[in-house]
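Since the structure is predicted, the reported quantities are computational estimates derived from the model, not experimental observations.
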Amino acid sequence: MDKPHMAAPRHIAVVGAGIAGLSCASALQHAGWQVSVFDAAGTVAGRMATRRAGNWQCDHGAQYFTARSAAFRAEVARWQLAGVAALWTPRLCLLAADGSAHAPAGPVERFVGMPRMNAPARWLASGLPLHLQTTITALQRGVAGWQLQTRQLGLLEAVYDGVVLAMPAPQALPLLQAHSRRLASLAAASVMQPCWAVMARYAQPLALPFDAAFVNHGPLRWVARNNSKPGRHGQESWLLHAQPEWSEAHLDWSADQVAKALLHAFAQLGGAAPLAWSTQCWQHAAPAAGHDELFAWHERSRLGLCGDWLQAGTVEGAWLSGRALAAHIAAASPSGVPKPDLAHSVPHPVLPVLV
């Protein structure tokens, strides 16, 4: 007796290899879909980034993540079991304008990638078809499906049944405008805030009474001793993040000007002059406000959006956004391959804004 014909898995292009894109792609792959992941950078992880040089490293994007939903707590447990995440328990304080220091309110578990912040993303990406250093400049919709226009290779031959844009809203907007007025409006309405970062290197550990601090005055928002995180070894390094308003007002400053200002502010907190420093400007570091939507999907065009910008700018929000979009796609358009139904295993919560 002949076996019933099984349709070939549908193919989704995921543009963006941060946590949202990788979460979406890995969930779709688990549900039986064929996926291809594209990113303009030379590595995965997006803003879960680590700068390295010789015997020195510093997490200069996302500093930690929390796990408040049951779904993400289970995912973080998987990361811990795989050895790519660990609990971080720094000496943490809030520094007020009057010079006083206070403990943060409420017990909050903070996790980090191990041995670097990008480790969970690299682990998620390990089983996915990746196309790095591939910048998508336009989307083309034909009768057979979607094709991707790239800066490096021109128009790719592959045709996709759907496209997921897992990138900051300002980067997604020009790709959306010709194809979905609703999705383009959603992206256009999202205001992303920048963040200047300074990575400072020291010969010896600094004698400060904290490992990390939220700063409520001056140009700084956050400072952290990178070596206080699990798995970090080598030369002493501190990360300085500027306030979003300060960063916005000084986007045109040179790296030297930014470093001078932020290191001066760090000195007011007790920090010493570093042996060396480097900078990074995150143009789209975090959304000014979250959205009610966890993801967005236009079924007629088969075009979708996910990302931390929809969910208060957190790692947890990014993962939940990508996972929920994958569940929606899998439930709405079965791949033809018998796999677990993600639509019934992934909640669609609205997350609180995290400190």
Asker: Among side-chain atoms of E316 and S69, is any donor-acceptor pair under 3.5 angstrom?
Answerer: yes
Asker: Tell me, yes or no, whether the heavy-atom count around R182 atom CZ, taken from other residues, nucleotides or ligands under 6.0 Å, exceeds 12.
Answerer: yes
Asker: Please assess F65 against W79 for the test ring-ring contact (aromatic ring centres under 6.0 Å, His included), listing each intermediate value before the final yes or no.
Answerer: CA-CA 12 Å; F65 51 91; W79 293 354; 5.6 Å; yes
Asker: side-chain contact (heavy atoms from CB on, under 4.5 Å) between F266 and L206: does it pass, once the steps are laid out?
Answerer: CA-CA 12 Å; F266 187 43; L206 299 186; 3.8 Å; yes
Asker: Verify the cluster assignment for M114 and V315: are they in a single hydrophobic cluster under the rule of side-chain heavy atoms below 4.5 Å apart?
Answerer: no
Asker: Let's go through S301 and H179 carefully: what are the C-alpha distance in whole Å and the side-chain angles of both, what is the deciding distance for side-chain contact (heavy atoms from CB on, under 4.5 Å) to 0.1 Å, and is it a yes or a no?
Answerer: CA-CA 8 Å; S301 63; H179 304 290; 5.6 Å; no
Asker: Tell me if a side-chain donor or acceptor on Q171 pairs with a main-chain N or O of A166 at a distance below 3.5 Å.
Answerer: no
Asker: Any side-chain to backbone donor/acceptor pair from R323 onto S23? Under 3.5 Å, distance only.
Answerer: no
Asker: Roughly how far apart are W277 CH2 and S237 OG, rounded to 0.5 Å?
Answerer: 16.0 Å
Asker: So, is the end of the R91 side chain (NZ or CZ) under 6.0 Å from the ring centre of F210 and within 45° of the ring's axis?
Answerer: no
Asker: Only pairs at least two apart or in different chains count here, so list each salt bridge (Lys or Arg N to Asp or Glu O under 4.0 Å) that has a residue in residues 263-282.
Answerer: none
Asker: Does a side-chain N-to-carboxylate-O contact under 4.0 Å join D308 and R47?
Answerer: yes
Asker: How about R51: does its CZ atom have over 12 heavy atoms from other parts shown lying under 6.0 Å from it?
Answerer: yes
Asker: Does any pair with a residue in residues 151-176 pass ring pair (Phe, Tyr, Trp, His ring centres under 6.0 Å), and if so which ones, sequence neighbours excluded?
Answerer: H11-Y160
Asker: Minimum heavy-atom separation for A172 to L305, with atom names?
Answerer: CB-CD2, 4.2 Å
Asker: For H284, enumerate each residue passing the ring pair (Phe, Tyr, Trp, His ring centres under 6.0 Å) test, keeping only those at least two apart in sequence or located in another chain.
Answerer: none
Asker: Ignoring hydrogens, what is the shortest heavy-atom contact between P230 and L87? Give both atom names and the distance.
Answerer: CG-O, 3.3 Å
Asker: Measure the acute angle between the ring planes of H250 and W253, then classify it against the limits of 30° and 60° as parallel, tilted or perpendicular.
Answerer: perpendicular
Asker: S185 side chain to R181 main-chain N or O, any donor-acceptor pair under 3.5 Å?
Answerer: yes
Asker: Take L186 and L310, measure what side-chain contact (heavy atoms from CB on, under 4.5 Å) needs, and give me the verdict at the end.
Answerer: CA-CA 10 Å; L186 178 62; L310 289 161; 4.1 Å; yes
Asker: Please determine, by modelled atom types, if R232 and Q57 share a side-chain donor-acceptor pair under 3.5 angstrom.
Answerer: no
Asker: When the aromatic ring centroids of H241 and W282 are compared, is their separation below 6.0 Å?
Answerer: no
Asker: Rounded at 0.5 Å granularity, tell me how far CZ in R300 sits from NE2 in H298.
Answerer: 4.5 Å
Asker: Might you point out which heavy atoms bring A67 and V76 nearest each other, and give the distance in Å?
Answerer: CB-CG2, 4.0 Å
Asker: With a 3.5 Å distance limit and no angle check, can you tell me whether Q243 reaches the backbone of V215 through a side-chain donor-acceptor pair?
Answerer: yes
Asker: Do the side-chain N and O atoms of N118 and T50 include a donor-acceptor pair separated by under 3.5 angstrom?
Answerer: no
Asker: Working to the nearest 0.5 Å, report the span between CG of L239 and NE2 of H60.
Answerer: 8.5 Å
Asker: Decide side-chain contact (heavy atoms from CB on, under 4.5 Å) for L262 and L220; before the verdict, give the C-alpha distance in whole Å, the side-chain angles of both, and the deciding distance to 0.1 Å.
Answerer: CA-CA 7 Å; L262 296 188; L220 289 172; 3.9 Å; yes
Asker: Determine, using the 4.5 Å side-chain heavy-atom cutoff (strictly less than), whether L148 and I12 are members of one ILVMFWY cluster.
Answerer: no
Asker: Atom CZ in F214, atom CG in L95: separation rounded to 0.5 Å?
Answerer: 10.5 Å
Asker: How far apart are the C-alpha atoms of T66 and E109, what are their side-chain angles, what is the distance that settles it, and do they pass the side chain to side chain donor-acceptor pair (under 3.5 Å) test?
Answerer: CA-CA 6 Å; T66 58; E109 287 187 322; over 6 Å; no
Asker: What residues, two or more places apart in sequence or in another chain, satisfy ring pair (Phe, Tyr, Trp, His ring centres under 6.0 Å) together with W56?
Answerer: none
Asker: Any donor and acceptor pair, going by atom type alone, linking the side chain of S190 with main-chain N or O of A188 inside 3.5 Å?
Answerer: no
Asker: Would you please say whether a donor-acceptor pair under 3.5 Å links the side chains of E299 and W297?
Answerer: yes
Asker: For the atom pair CG (L325) and CG (L320), what is the distance rounded to the nearest 0.5 Å?
Answerer: 12.5 Å
Asker: Do R201 and E236 sit within salt-bridge range, that is, some charged N less than 4.0 Å from a carboxylate O?
Answerer: no
Asker: Are any of the side-chain nitrogens in R116 or D59 under 4.0 Å away from the carboxylate oxygens of its partner?
Answerer: no
Asker: Scan side-chain atoms only and decide if S100 and D98 contain a donor-acceptor pair under the 3.5 Å cut-off.
Answerer: yes
Asker: For residues Q283 and L251, determine if any side-chain heavy atom of one lies less than 4.5 Å from a side-chain heavy atom of the other.
Answerer: yes
Asker: Quick one: does W309's side chain have a donor or acceptor within less than 3.5 Å of a partner on M167's backbone?
Answerer: yes
Asker: What distance separates Q177 CD from L139 CG, expressed to the nearest 0.5 Å?
Answerer: 11.5 Å
Asker: Can you classify the ring geometry of F72 versus W319 as parallel (below 30°), tilted (30 to 60°) or perpendicular (above 60°)?
Answerer: tilted
Asker: Tell me which pairs pass side chain to side chain donor-acceptor pair (under 3.5 Å) where either residue lies in residues 137-149, with sequence neighbours left out.
Answerer: none
Asker: What residues, two or more places apart in sequence or in another chain, satisfy ring pair (Phe, Tyr, Trp, His ring centres under 6.0 Å) together with W196?
Answerer: none
Asker: What is the ring orientation for W88 with Y64, classed by angle as parallel under 30°, tilted 30 to 60°, or perpendicular over 60°?
Answerer: tilted
Asker: Can you give me the closest heavy-atom contact between A312 and P287, atom names plus distance?
Answerer: C-CG, 3.9 Å
Asker: Determine whether a donor-acceptor pair (N or O, by modelled atom type, separation under 3.5 Å) exists between the side chain of Q29 and the backbone of G127.
Answerer: yes
Asker: Looking at side-chain heavy atoms only, is the closest gap between H131 and V37 below 4.5 Å?
Answerer: no
Asker: Check this for me, if you would: do E245 and R221 make a salt bridge, where the nitrogen-to-carboxylate-oxygen distance has to be below 4.0 angstrom?
Answerer: no
Asker: Is a donor on one side and an acceptor on the other found under 3.5 Å between the side chain of S26 and the backbone of L22?
Answerer: yes
Asker: State yes or no: do F111 and W222 share one hydrophobic cluster built from I, L, V, M, F, W and Y residues joined by side-chain heavy-atom distances below 4.5 Å, directly or via other members?
Answerer: yes
Asker: Around atom NE2 of H264, are there more than 12 heavy atoms of other residues, nucleotides or ligands at under 6.0 Å?
Answerer: no
Asker: According to a 4.5 Å side-chain heavy-atom criterion applied to Ile, Leu, Val, Met, Phe, Trp and Tyr, with indirect links allowed, do F295 and L165 form part of one hydrophobic cluster?
Answerer: no
Asker: So, Q63 side chain and G61 main chain: donor-acceptor pair closer than 3.5 Å or not?
Answerer: yes
Asker: Using a 3.5 Å distance criterion without hydrogens, assess whether the side chain of S180 forms a donor-acceptor pair with backbone atoms of L176.
Answerer: no
Asker: For atom CD of Q152, decide whether the heavy atoms of other residues, nucleotides or ligands shown that lie under 6.0 angstrom number more than 12.
Answerer: yes
Asker: Identify whether I19 and L130 are in the same connected component of the hydrophobic contact network (ILVMFWY, side-chain heavy atoms under 4.5 Å).
Answerer: yes
